[in-house]
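If you read the sequence from its start, that first residue is 1, and numbering goes on from there.
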Amino acid sequence: YAWFARLLVFLMAYRAWEVLKIALAPGIKEVVLPGGGSVPMSYGAGAFFLLTVGAAAMVARAAWDL
């Protein structure tokens, strides 16, 4: 099953790249929070980028026994 984990690492890296493009894009709207208030989409995308990179690093470690 190592091949699947390695494929998953590349798919997660691609997803992180696309989320980073959203985080760095100018003129993105704000997202309304459930409890009230709002957050710029670039902040949420930046946090999700970091989460995705961390998850991809853990899967890469497992896939290649680093």
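The minimum heavy-atom distance linking Val53 with Ala16 is given by the pair CG2-CB, 4.1 Å. Closest of all the heavy-atom pairs between Ala23 and Gly46 is CB-N, 3.9 Å. Closest heavy-atom contact between Ala63 and Ala5: CB-CB, 3.6 Å.
Residues Ile22 and Met41 meet the side-chain proximity criterion, which asks for heavy atoms closer than 4.5 Å.
Both Phe10 and Met12 belong to a common hydrophobic cluster when Ile, Leu, Val, Met, Phe, Trp and Tyr are linked at side-chain heavy-atom distances under 4.5 angstrom. A chain of hydrophobic side-chain contacts below 4.5 Å, direct or via other Ile, Leu, Val, Met, Phe, Trp or Tyr residues, connects Leu33 to Tyr43. In this structure, Leu20 is a member of the same hydrophobic cluster as Leu50, with clusters built from ILVMFWY side-chain heavy atoms closer than 4.5 Å.
Of the charged side-chain nitrogens involved, none lies within less than 4.0 Å of a carboxylate oxygen, so that Glu18 and Arg15 do not count as a salt-bridged pair.
Atom CZ of Phe49 and atom CG of Leu24 lie 8.5 Å apart (nearest 0.5 Å). Within the model, atoms NZ of Lys29 and OG of Ser38 stand 13.0 Å from one another, a figure rounded to the nearest 0.5 Å. We find the CG-CH2 distance between Leu8 and Trp3 to be 10.5 Å, quoted to the nearest 0.5 Å. Within the model, atoms CG of Leu11 and CZ of Phe4 stand 8.5 Å from one another, a figure rounded to the nearest 0.5 Å.
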